[in-house]
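One-based numbering, in listed order, for ligands and for the atoms of each.
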Amino acid sequence: MSDGSGKTALVTGASSGIGAASVRSLSAAGFEVVAAARRVERCEELAREVGGRALALDVADPDSVAALADELPELAVVVHSAGGALGFDEVAAARDSDWVTMYETNVLGVMRVTRALLPALERGGNGFIVIVGSVAGVEVYPGGGGYTAAKHAVHAVARTLRLELLGKPIRISEIAPGLVDTEFAEVRFRGDREQAAKVYEGMTPLTAEDVADTIAYVVTRPPHVDIDYVAMKPTAQAGPRDVHRA
Ligand SMILES: NC(=O)c1ccc[n+]([C@@H]2O[C@H](COP(=O)([O-])OP(=O)(O)OC[C@H]3O[C@@H](n4cnc5c(N)ncnc54)[C@H](OP(=O)(O)O)[C@@H]3O)[C@@H](O)[C@H]2O)c1
């Protein structure tokens with residue numbers, strides 16, 4: 001095991017859910033953590049709690065990503081947690097703006113932030129990229145076309161990076177969770193809390209902390225160990241549609 005003493009970790013999507021929990025787990029592992037998201041006031045509160053830093057970041061805005069990179073000349077870990085789903089429409093009724101947003105955040109966001117920070121990760125000596133993918137990156141379900149297409153795309157980006165970074169001191173890991181109780185469903189259903197609550201009805205989902213624990217585990221392995229891909233689901237979930245509800 002190697003801890004994070006003296007090393008900096010950036011978490012995107014740190015204002016909520018898996019990102020916020022990862023700020024805490026990485027901080028507990030000894031990293032100096034930079035929490036970044038659009039709702040920077042939430043990141044500032046979290047940074048105060050863990051003794052880290054907060055930065056405003058919109059991964060869909062190239063200028064915002066460039067400004068982030070200027071602040072981080074050397075980096076040990078990037079956790080890409082910014083992302084999510086928007087809508088639950090079948091392809092026949094797909095809304096262009098939903099798909100564009102999902103691609104911008106889940107796919108282009110990961111590409112832009114990675115591209116901007118690769119030099120800083122290489123400078124750090126033992127860089128680590130964690131991509132929060134999803135079970136939706138390898139499976140599909142009706143109504144999930146836009147989200148599953150985006151998460152399949154980011155799965156491909158992760159596999160591509162693994163090949164492109166071979167021989168460099170940068171590891172990469174994709175963490176692919178099933179149902180996690182965060183603001184994810186509320187965002188997907190455009191603020192409809194009743195509909196969002198149904199996603200987790202009658203079953204025990206993963207918590208953001210469960211996923212963040214795994215992220216901290218993965219990045220604290222010795223430098224010769226790269227845990228490429230982790231699929232994790234609640235015990236009551238076998239696939240996107242196969243959920244046992246009491
Ligand atoms: N919850 C699940 O069931 C589940 C399962 C599998 C995978 N995932 C994935 O896990 C990741 C984290 O989601 P979550 O479950 O923690 O949901 P969440 O609580 O809704 O958090 C999503 C985070 O993404 C950030 N974000 C969204 N758009 C952004 C943008 N343009 N620029 C910067 N940050 C942005 C949000 O911050 P701001 O709005 O403040 O910018 C927020 O911090 C996502 O990639 C999601 O697809 C979730």
Could you check whether Thr101 and Asp98, counting side-chain N and O atoms only, form a donor-acceptor pair closer than 3.5 Å? no
Taking both backbone and side-chain atoms of Val180, is any N or O found less than 3.5 Å from an N or O belonging to ligand 1? yes
Quick check: does Ser16 get an N/O under 3.5 Å from an N/O on ligand 1? yes
Measure the CG-CG distance between Asp61 and Leu108 for me, rounded to the nearest 0.5 Å. 12.5 Å
Ligand 1 and Tyr200, any nitrogen or oxygen pair closer than 3.5 angstrom? no
Does Ala37 reach ligand 1 with a nitrogen or oxygen that is under 3.5 Å from one of the ligand's nitrogen or oxygen atoms? no
Could you tell me, atom by atom, which parts of ligand 1 come under 4.0 Å of a heavy atom of Ser15? 36 (C), 37 (O), 38 (P), 40 (O), 42 (C), 43 (O)
In ligand 1, the atoms that come under 4.0 Å of a heavy atom of Val132 are 9 (C), 10 (O), 11 (C), 45 (O)
Ligand-side contact atoms (ligand 1) for residue partner Ile18, heavy atom cut-off under 4.0 Å: 10 (O), 15 (O), 16 (O)
Options Gly13, Gly84, Gly83, ranked by nearest heavy atom to atom 22 (C) of ligand 1, top entry: Gly83
Looking only at N/O atoms, are Thr182 and ligand 1 under 3.5 Å apart anywhere? yes
Taking the basic N atoms (NZ, or NE/NH1/NH2) and the acidic carboxylate oxygens, is any pair closer than 4.0 Å for Arg53 and Glu71? yes
What residue and atom, counting heavy atoms only, is the protein's closest point to atom 6 (C) of ligand 1, and at what distance? Pro177 O, 3.2 Å
Do the two ring centres, one from Phe184 and one from Tyr147, sit under 6.0 Å apart? yes
For ligand 1, which atoms, with element, lie under 4.0 Å from some heavy atom of Tyr147? 7 (C), 8 (N), 9 (C), 46 (C), 47 (O)
Considering only protein heavy atoms, which is closest to atom 32 (N) of ligand 1, and at what distance to one decimal place? Val59 N, 2.9 Å
Distance in Å, Asn126 CG paired with Leu121 CG, rounded so as to fall on 0.5 Å steps: 10.5 Å
Counting only nitrogen or oxygen atoms and a 3.5 angstrom limit, does Val187 reach ligand 1? no
Contact between ligand 1 and Ala136 is defined here as a heavy atom of the residue under 4.0 Å from a ligand atom; is it met? no
Out of all atoms in ligand 1, which are within 4.0 Å of some heavy atom of Asp58? Include the element for each. 30 (C), 31 (N), 32 (N)
d(Phe189 CZ, Leu86 CG) to nearest 0.5 Å is 11.0 Å
Rounded distance [0.5 Å steps], CH2 in Trp99 versus CD in Glu104: 15.0 Å
Taking only non-hydrogen atoms of Ser81, do any sit less than 4.0 angstrom from ligand 1? yes
Atom pair CG/CE of Leu161 and Met111 - distance to nearest 0.5 Å: 11.0 Å
Just need the protein heavy atom nearest to atom 34 (N) of ligand 1, so name the residue and atom and give the distance. Ala82 CB, 3.4 Å
Arg193 and Glu186 ion-paired at < 4.0 Å: yes
Between Val130 and Val78, does the side-chain contact (heavy atoms from CB on, under 4.5 Å) criterion hold? Intermediate values first, please. CA-CA 6 Å; Val130 178; Val78 178; over 6 Å; no
Would you please determine whether Gly133 falls within less than 4.0 Å of ligand 1 on a heavy-atom basis? yes
Do the side chains of Glu183 and Arg42 get close enough for a salt bridge, i.e. N-O under 4.0 angstrom? yes
Atom 27 (C) of ligand 1 - nearest protein heavy atom and its distance: Arg38 NH2, 3.4 Å
With a 4.0 Å cut-off, would you call Arg171 and Asp228 a salt bridge? no
Atom 5 (C) of ligand 1 [closest protein heavy-atom partner, distance rounded to 0.1 Å]: Gly178 O, 3.0 Å
So among Thr105, Thr114, Thr12, which one has a side-chain hydrogen bond (donor to acceptor under 3.5 Å, both in side chains) with His80? Thr114
Sidechain N-carboxylate O distance under 4.0 Å for Glu122, Lys168: yes
Which of the atoms of ligand 1 are close to Leu179, meaning less than 4.0 Å from one of its heavy atoms? 3 (O)
What is the closest protein heavy atom to atom 48 (C) of ligand 1, and at what distance does it sit? Phe184 CD1, 3.8 Å
Do any heavy atoms of Lys151 fall under 4.0 Å from ligand 1? yes
Specify side chain, backbone, both or neither for Leu57, according to which of its non-hydrogen atoms lie closer than 4.0 Å to ligand 1. backbone
Go through ligand 1 atom by atom and flag the ones less than 4.0 Å from a non-hydrogen atom of Gly17. 16 (O), 19 (O)
Regarding Glu174 and Arg159, does a basic nitrogen lie under 4.0 Å from an acidic carboxylate oxygen? no
